[in-house]
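Within every chain, numbering begins at 1; the chains are lettered A, B, ... in the order of the sequence lines, protein sequences first and strands thereafter.
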There are 2 protein chains.
Amino acid sequence: MNIRVAIVEDDKNYSQALKNIIDFQEDMECVAQFFNGKNALQKLEALEPDVVLMDIQLQDLSGIDIVFKLTELMPSTTFVMCTSFENDEKIFSALRAGASGYLVKGDSLAKIIQAILEAHKGGAPMSFAIAKRVLQHFQESKVQVQSLALLTVTEKEVLELLAQGLLYKEIADKKSVTIDTIKKHIGNIYRKLQVSNKIEAINKFNHKN
Amino acid sequence: MNIRVAIVEDDKNYSQALKNIIDFQEDMECVAQFFNGKNALQKLEALEPDVVLMDIQLQDLSGIDIVFKLTELMPSTTFVMCTSFENDEKIFSALRAGASGYLVKGDSLAKIIQAILEAHKGGAPMSFAIAKRVLQHFQESKVQVQSLALLTVTEKEVLELLAQGLLYKEIADKKSVTIDTIKKHIGNIYRKLQVSNKIEAINKFNHKN
DNA sequence: CAATCAATTACCCGTTTGGGTGATATTTTA
DNA sequence: TAAAATATCACCCAAACGGGTAATTGATTG
């Protein structure tokens, strides 16, 4: 059974190159090429391809939005971004939208074929460059993790509860102390983390930001 | 110039297998093997290896803690986790701690050699299985993202600023409206997201929790 | 075109929060 | 052991927040 691949790509030359190499494979076939987002959004669902190669930077729509909408409607189809545009925000948006893989156009066609196979098997093909960005995204949180090391055990517990959305009073009840104690702890937390309100403290705690 | 590799692995057989294949490479050498965490923590810094292959599940210490401490002291050394233990929390903790790659012991030795090369070049080698987990970590946030779709553009902007820690007043100034307008928007945001305070709204916004 | 929704402004009210100061007992550390 | 850090409680005050109601304008949609 062939892997049915659809291509959404507005660069006709690149799209054709992809189609050629895909059709050349024994176990794949290119069942459709879309050169704009609107067509793809309308017709992809009925086609039921196994894998969709999706550019991000289309003239009319964002490939990310298309993926976001279609992953709902086509749970058995795998979307692989294949794009030259690759700032961090785009990468993470695409992954959040439901893309299973992320390639850059600089990758060799052989690598793209391999990625289609891997995606179809349930894997998560990523270019080296993308994998690195993803990893760095995790490592950025290290700075925040370290600043938390300044906090005492009690302070970390309080911050944890605060991050869950509890009021001072609720935290006090939970820990069986008075609200003033909690206020004191929170004051100390703010001082140590060099913040001045709940939100900022929780942002640091959540290693986001 | 050879790539100097150190191995931290308490399975002596596996460690020896790694050493053999590494020393077999023309451009690599295994400069040390550590069979427990304590030794590794004490002696790795002076050795200045280029790449460290690190097991997570050591008897005495956690490989993650070791990575966390040593990445501070050895910024030019690259750490690659190579472990059979692979629940999600361990994976993300390791990446946060500063690991540049994450392999599973099921990977072939050839793949591990390739990963060492890639890590040394500044890449982010990951097993397929790990890459998939990492991707899924992003996709889990999709549910929350959808609830945000209920919000109007203005409301999303307000929530964004709120999440950054701005006060109502600051948001009002930034958007050149009165604080009462912002309060109204935020009330609407809370209603739509079914929350009752900043923290809960921001938790939803941050696709955490 | 009418109805609905979005965005904006305004006011009131009570609660929550953040900042400051100060005190005491326990624990940790040098 | 002495000093420092931690955890606890208390009080005051001003700013910020959350909830409610109400009204106007502009855009969207059926």
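- If you measure from atom OH of B/Y190 to atom C1' of C/dT16, you get 12 Å, rounded to the nearest angstrom.
- In terms of the salt bridge (charged side-chain N to carboxylate O under 4.0 Å, His left out) criterion, residue partners of B/K19 (sequence neighbours excluded) are, by chain and number, B/D23.
- Using bins of under 30°, 30° to 60° and over 60° for the plane-to-plane angle, the ring pair B/F92/A/F138 lands in the parallel bin.
- Using a 4.5 Å heavy-atom cutoff, the side chains of A/I112 and A/C82 are in contact.
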Grab the N/O contacts between the protein and nucleotides 3-11 of chain D below 3.5 Å, and write none if there aren't any.
residue	atom	partner	partner atom	Å
D/dA7	OP1	A/T152	OG1	3.4
D/dA7	OP1	A/T154	OG1	2.6
D/dA7	OP2	A/T152	OG1	2.6
D/dT8	OP2	A/H185	NE2	2.8
D/dC9	OP2	A/T178	N	2.8
D/dC9	OP2	A/T181	OG1	2.7

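- Every residue two or more places apart in sequence or in another chain that forms a side chain to side chain contact (heavy atoms under 4.5 Å, CB included) with A/E118 is listed here: A/P125, B/F128.
- Sorted by first and then second residue, the pairs that involve residues 37-57 of chain B and meet salt bridge (Lys or Arg N to Asp or Glu O under 4.0 Å), not counting sequence neighbours, are B/D55-B/K105.
- Formation of a donor-acceptor pair under 3.5 Å by the A/T152 side chain with backbone atoms of A/E155 is found in this model.
- Whole-Å rounding puts the A/I186 CD1 to C/dG20 C1' distance at 16 Å.
- Evaluation of the salt bridge (Lys or Arg N to Asp or Glu O under 4.0 Å) test over residues 172-183 of chain B, restricted to residues two or more places apart or in two chains, returns B/E157-B/K175, B/K169-B/D173.
- A donor-acceptor pair under 3.5 Å is formed between the side chain of B/D107 and the backbone N or O of B/V104.
- If you measure from atom CD of B/E170 to atom C1' of D/dA15, you get 12 Å, rounded to the nearest angstrom.
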Atom pairs under 3.5 Å: protein N/O with N/O of nucleotides 25-29 of chain D:
none

